[in-house]
Amino acid sequence: MQVTDNVVNTGKKQYVNDIGDPSKVVHCRNVTADVTQSGLVAMCQQFGRVVNVVMLRAKNQSLIEMDNFKSAQAVVEYCQSNGYVDVDHRRVYVKYSRHQALSDTPAGKTLLVSMFNPEYDISTMVQLTPLIVYQIFGNYGQVEKIVVLPKNASSAQNHNRVQSLVQFSDKEQAEKVKGLLQGQPVNLGDQASFFLDIQFSKVPEITATANSTTSMVVPKGFTPQLLAQQQMIQQISPMSQMSPMSGMGQMGQMGQMSGMGQMGQMGGMGQMGGLSQMGQMGAAPQQLFAAHNQLPFMQAGFSG
């Protein structure tokens, strides 16, 4: 690649590499699915404090607001030295944004979560229920309510995403979860995968109905571990209606297939206890994904 008079020659095509007018907000292009928000933030933090990040996954772009003009200038000049910057093994092109600042909703206890895949509409692959959303967030804070939002007119431009409101017990927990899980990829086994884009919601208190296909009210003291126990009981209950001989044979097979044989030495829900500890300690999503892979009845986990 050659850079001459602000014209970048990639060998395939040329384009004007105009950095724009100075701004505290930098604009990043070629932010493909391989480029993580944490990678972009790490690159920019070399030059100053990152104030806000907006991931425009549908456009393969990102906006990053720095704490002052000097920091933003340092980011742009660093990236312009080669015409691009390498982030997560991708060439990302950086210039000043036309925005002078990014609007930011004040922190609250309710998060607006966008779950999306830039390559396909995840709603055609899997139905994202409140229970799945709870399995993603419940290990990292005390969730009170969840509402999976219906698709509307605005969804036509962002058809690859499903949105949900997740309300925590207090603002501090919501802030912690947003900082930890923002931009993370989620894997639902072989069904689908997507990224999390998390913002604070303008709705301070959401209205949710218990026992609904689109909303969930989480009882006080309820945890993902109790949910897993309930799911295990529901799986085991039909076996009590089997004949003694056939039931014993099938239970042996199911124990080998689902890891139930380990339950005796692990106290029944030992693996789920491990998940609880990881959530409370703020474990890395990769650890949560590995633990979820050991639990067939827990479908949601983090990857990569």
Exercise. Starting from the C-alpha separation in whole Å, work towards a yes-or-no answer on side chain to side chain contact (heavy atoms under 4.5 Å, CB included) for His27 and Val25.
Key: CA-CA 7 Å; His27 175 262; Val25 182; over 6 Å; no

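- Every pair passing ring pair (Phe, Tyr, Trp, His ring centres under 6.0 Å) that includes a residue from residues 30-81 is listed here, sequence neighbours excluded: Phe47-Tyr78.
- Note that the NZ atom of Lys171 and the CZ atom of Phe200 stand 8.5 Å from one another [nearest 0.5 Å].
- Taken together through direct or relayed side-chain contacts under 4.5 Å among Ile, Leu, Val, Met, Phe, Trp and Tyr, Met115 and Val126 form part of one hydrophobic cluster.
- Heavy-atom minimum distance, Ile198 versus Lys178: O-CE, 3.3 Å.
- Qualifying side chain to side chain donor-acceptor pair (under 3.5 Å) partners for Asp197, counting only residues two or more places apart in sequence or in other chains: Gln182, Gln199.
- Between Phe222 and Val143 there is no side-chain heavy-atom pair separated by less than 4.5 Å.
- One distance of note links CZ of Arg91 with OG1 of Thr32; it measures 13.0 Å at 0.5 Å rounding.
- When only modelled atom types and interatomic distance are considered, Gln73 and Glu77 share a side-chain donor-acceptor pair under 3.5 Å.
- Placement of Val92 and Val54 in two distinct hydrophobic clusters is found when ILVMFWY residues are connected by side-chain heavy-atom separations under 4.5 Å, directly or transitively.
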Exercise. Starting from the C-alpha separation in whole Å, work towards a yes-or-no answer on side chain to side chain contact (heavy atoms under 4.5 Å, CB included) for Phe116 and Val162.
Key: CA-CA 6 Å; Phe116 67 94; Val162 174; over 6 Å; no

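- For the pair His99/Ser23, no side-chain contact is recorded, criterion being any heavy-atom separation below 4.5 Å from C-beta on.
- Looking only at side-chain heavy atoms (C-beta outward), Val53 and Leu40 stay at 4.5 Å or farther from each other.
- Nearest heavy-atom pair, Pro224 versus Gly138, reported as atom, atom and distance to 0.1 Å: CG-C, 3.6 Å.
- Taking the side chain as every heavy atom from C-beta outward, Gln184 and Phe195 never approach each other to under 4.5 Å.
- By the salt bridge (charged side-chain N to carboxylate O under 4.0 Å, His left out) test, Glu144 pairs with Lys109, sequence neighbours left out.
- Between Leu196 and Ser114, every side-chain heavy-atom pair lies at or beyond the 4.5 Å cut-off.
- Here the side chains of Ile122 and Arg161 are not in contact, with every heavy-atom distance at 4.5 Å or above.
- Under a 4.5 Å side-chain heavy-atom criterion applied to ILVMFWY residues, the cluster that includes Val147 comprises Leu112, Leu149, Leu165, Val203, Ile206 as well.
- Note that CE of Met55 is 9.5 Å distant from CG of Asn60, once rounded to the nearest 0.5 Å.
- Contact detail for Tyr84 and Asp86: the closest heavy-atom pair is CD1-N, 4.2 Å.
- Under the 3.5 Å distance criterion, with hydrogens and angles disregarded, a donor-acceptor pair is assigned to the side chains of Ser71 and Asn68.
- Contact of the Val217 side chain with the Ile146 side chain is not registered, since no non-hydrogen atoms from C-beta on lie closer than 4.5 Å.
- Under the 3.5 Å distance criterion, the side-chain polar atoms of Gln61 are left unmatched by any main-chain donor or acceptor of Leu56.
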Self-check item: Worked verdict on Val177 versus Leu111 for side chain to side chain contact (heavy atoms under 4.5 Å, CB included)
Solution: CA-CA 9 Å; Val177 172; Leu111 300 177; 4.3 Å; yes

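- The two atoms that bring Gly108 and Ala174 nearest to each other are O-CB, 3.3 Å, heavy atoms only.
- Judged purely by atom type and a 3.5 angstrom limit, Ser193 has no side-chain atom pairing as donor or acceptor with the backbone of Val186.
- A donor-acceptor contact shorter than 3.5 Å is absent between the side chain of Gln142 and the backbone of Ser169.
- With values rounded to the nearest 0.5 angstrom, Phe137 atom CZ is found 10.0 Å from Leu180 atom CG.
- Nearest heavy-atom pair, Asp67 versus Lys24, reported as atom, atom and distance to 0.1 Å: O-CD, 4.0 Å.
- In this structure, the separation between CE on Met125 and OH on Tyr120 is 5.5 Å, given to the nearest 0.5 Å.
- Shown here is Glu172, whose CD atom has more than 12 heavy atoms of other residues, nucleotides or ligands within 6.0 Å.
- One distance of note links CE of Met43 with SG of Cys79; it measures 4.0 Å at 0.5 Å rounding.
- For residues 42-56, there are no side-chain hydrogen bond (donor to acceptor under 3.5 Å, both in side chains) pairs, not counting sequence neighbours.
- Here the rule is side chain to side chain contact (heavy atoms under 4.5 Å, CB included) with Met216, and of Val148, Leu131, Val166, Thr129 only Leu131 fits it.
- Summarising the geometry of Met66 relative to Cys44, their closest heavy-atom pair is CE-O, 3.5 Å, with the distance given to 0.1 Å.
- Just one residue in the list Val75, Asn30, Ile64, Ile19 forms a side chain to side chain contact (heavy atoms under 4.5 Å, CB included) with Val94, and that residue is Val75.
- Not a single side chain to side chain donor-acceptor pair (under 3.5 Å) links Thr209 to another residue, sequence neighbours left out.
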